[in-house]
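Below is one structure; the comments refer to it alone.
Just so we're on the same page: letters track the sequence lines, and every chain starts at 1.
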Protein chains: 2
Amino acid sequence: MILATLQDGTPDGRLVVISPDRTHYALAPVQSLREAMENWAVVAQALGAVSSFPEPVSGARFAAPLLRAWQWLDGSAFPTHGQLMEVAFGHDPLDDDFPLMYQGMSHQFLGPDEDVRLPAEEHGIDFEGEYAVITDHVPMGTSAADALSHIKLVVQLNDWSLRAIAPREMKTGFGWVHAKPACSVAPFAVTPEALGAGWRDGRVALDLHITFNERPFGHANGAAMAYGFHELIAHAAFSRDLAAGTIIGSGTVSNPDYAEVGSSCISEVRAIEMIATGKPQTSFMRFGDRVRMEARAPDGSAPFGAIDQKVAPCR
Amino acid sequence: MILATLQDGTPDGRLVVISPDRTHYALAPVQSLREAMENWAVVAQALGAVSSFPEPVSGARFAAPLLRAWQWLDGSAFPTHGQLMEVAFGHDPLDDDFPLMYQGMSHQFLGPDEDVRLPAEEHGIDFEGEYAVITDHVPMGTSAADALSHIKLVVQLNDWSLRAIAPREMKTGFGWVHAKPACSVAPFAVTPEALGAGWRDGRVALDLHITFNERPFGHANGAAMAYGFHELIAHAAFSRDLAAGTIIGSGTVSNPDYAEVGSSCISEVRAIEMIATGKPQTSFMRFGDRVRMEARAPDGSAPFGAIDQKVAPCR
């Protein structure tokens, strides 16, 4: 099953069911994905029963599948990303034996082609290509094994980051507020089953193709997570219930063979340049710069559709 | 104006308007405080026009004013608390010149007399007495001066903390997930105007009386914030809009003369004991322990009502 949300001016948008070939859609029997998540067991059956898709996807204006969510917890589950960010930010290696995770803003997720409005170029504007999952209600103390069945949808997102601010906030230990503005999300939310071989061990085993100003930037694979999404969910639910519609992120997709596959954020590329030549060469984003992100299946299809957008000043 | 939310089994509860003497209530003309916040300019007039309060407050079952919110950003604006926590956690002083703030879980706020269910005593269960404000929509880049008018309601809350876990999470720089379970909130949300002299310079100038297992624990005053709530809001809105219904917290209320006024969390008391004798004597909470928090006006009244609850095992 593939779902998406049309921009209709309401705070949660209008849920639609997408045809298996991703060319047409039908209005869903419930108004919004938020509503669907809160009653998933019942609603999923009705959504799955939709078999007639009268409207063309081409030309439709998609929002993020969830325009707002009660909770967004982003992991950092790719060890290569962690190692390169230690170089980028100049901090010591963490000797932790648990998944890294922060709580980010969840009251606004940008659509796949909206301009991304930010205060200033000098903050080091960077993208982070990620995968994420949407859960139903997860009780406190749920095990990783049990968490797998709580994963109802998979999405692809861009966790926008302001790199010049991030280390200063990290040093406080309080996590990020300034450095993590609203994320962008690709149009299609897909059930794990519909990903077929692209869903393995609680991971998205697909290459995430990224182009920066139309130049190929990376195509790292999501299978390289040190912890699967089910393990991230169990971590998140240690001392709290997770509300239905919670979004759990993978962190920046990153592979050890980055020399071949490239990266999913600029900061990693700068770290690789620092290691090779002593200083970074690639600049962070300027207003007007454009990034495109699209996971691809082996048959060339794009299960989540594409994020394709530019950054712009906020006023 | 004083508002509260009745537990009625719905996810957002039932909004009521409380009489000025806090003895009676009337059902509000909108269903929930969440709905009211999203259309505050219009709804506040209707709420303010309620003048007949038929139902007695005594015996009513109050939830948190907002059972769930799109965003909860908690500051740490009392310098004395920061200094003592450096001792408690054994970390170096931060030389930052901006407010400390983390994003916490906002999809569940516990009511004032609900049991607080947590995984284990060994995690160092602690309370943190705080004040907080609820805003309407705040655009990205709003100044501190302009932020003052976005403060619509003031609340009193308990930011539950698991102290044995907190330093490990802080060391990652990612902030807290395990160490910060759901907060509890006192029953009454009060407009700044209705606090009278208790609202000053964007601060709650009231003593927060805390008893731990019925023994007096502290009565620190909220006026000692290094940054007012308007400054915390401006900080929060640096690179994001704040959704209507965002809750911004003060951090643990703490005063320099703690020898006289006591503290608002156990961890501070343990730090004071460490400074005095080399090691902490006061234990963190055990299951069954009870904490009561009640801000008091000079006339002895309790503008926010009381939080009075005990901790219990989650299963």
Side-chain angles (χ1 to χ4, degrees), chain A residues 11 38 68-76 89 91-92 94-96 98-108 117-120 123 139-141 160 162 165-182 235-246 314-315, chain B residues 11 38 68-76 89 91-92 94-96 98-108 117-120 123 139-141 160 162 165-182 235-246 314-315:
Chain A
E38 294 185 353
R68 52 183 183 174
W70 294 114
Q71 185 168 241
W72 156 236
L73 294 169
D74 196 11
S76 181
F89 286 165
H91 60 68
D92 294 333
L94 292 166
D95 60 347
D96 43 71
F98 56 93
L100 292 171
M101 185 173 282
Y102 78 94
Q103 178 142 14
M105 68 169 273
S106 60
H107 65 272
Q108 184 191 16
R117 300 200 171 271
L118 293 169
H123 299 145
M140 192 191 302
W160 289 100
L162 304 179
I165 298 169
R168 191 184 72 182
E169 290 195 320
M170 282 184 89
K171 223 188 301 182
T172 68
F174 279 54
W176 302 285
V177 178
H178 286 194
K180 293 286 187 182
H235 180 82
F238 175 82
S239 57
R240 61 178 69 183
D241 292 349
L242 308 186
T246 288
C314 71
R315 63 188 86 187
Chain B
E38 293 185 353
R68 52 183 185 175
W70 294 113
Q71 184 168 240
W72 156 237
L73 294 169
D74 195 10
S76 181
F89 286 165
H91 61 66
D92 294 332
L94 293 165
D95 61 345
D96 43 70
F98 56 92
L100 292 172
M101 186 173 280
Y102 77 94
Q103 179 142 13
M105 68 168 274
S106 61
H107 65 271
Q108 183 191 17
R117 301 202 170 269
L118 293 168
H123 298 145
M140 193 191 301
W160 289 101
L162 303 179
I165 299 169
R168 190 185 74 182
E169 290 195 321
M170 283 185 88
K171 223 190 298 184
T172 67
F174 279 53
W176 302 284
V177 177
H178 286 194
K180 293 286 187 181
H235 180 81
F238 175 82
S239 58
R240 62 179 69 182
D241 293 348
L242 308 186
T246 290
C314 73
R315 67 187 86 186

Is it the side chain or the backbone of A:A69 that comes within 4.5 Å of chain B heavy atoms, both, or neither?
backbone
Working to the nearest 0.5 angstrom, can you tell me the gap between A:M101 CE and B:H178 NE2?
7.5 Å
With chain A as the partner, which of B:K171, B:E169, B:R117, B:H123 has the greatest number of non-hydrogen pairs under 4.5 Å?
B:H123
Got a second to check how far B:S106's OG is from A:W72's CH2, nearest 0.5 Å?
14.5 Å
Greatest number of heavy atom pairs closer than 4.5 Å to chain B - which of A:R68, A:Q71, A:M140:
A:R68
Quick one, A:T172 with B:Y102, criterion side-chain contact (heavy atoms from CB on, under 4.5 Å). Give me CA distance, side-chain angles, the key distance, then yes/no.
CA-CA 10 Å; A:T172 68; B:Y102 77 94; over 6 Å; no
Looking at CE of B:M105 and CG of A:D241, how far apart are the two atoms once the value is rounded to the nearest 0.5 Å?
7.5 Å
Of the listed A:G104, A:A182, A:A236, the one with the largest count of heavy-atom pairs under 4.5 Å with chain B is A:G104
Rounded to the nearest 0.5 angstrom, the CG-CZ distance for A:L73 and B:F174 is 12.5 Å
For A:R168, which atoms come within 4.5 Å of any heavy atom of chain B: side chain, backbone, both, or neither?
both
Looking at A:P181 and B:S239, what are the two nearest heavy atoms and their distance?
CB-O, 3.3 Å
Given that the side chain runs from C-beta out, which part of B:Q103 has a heavy atom under 4.5 Å from chain A: side chain, backbone, both or neither?
both
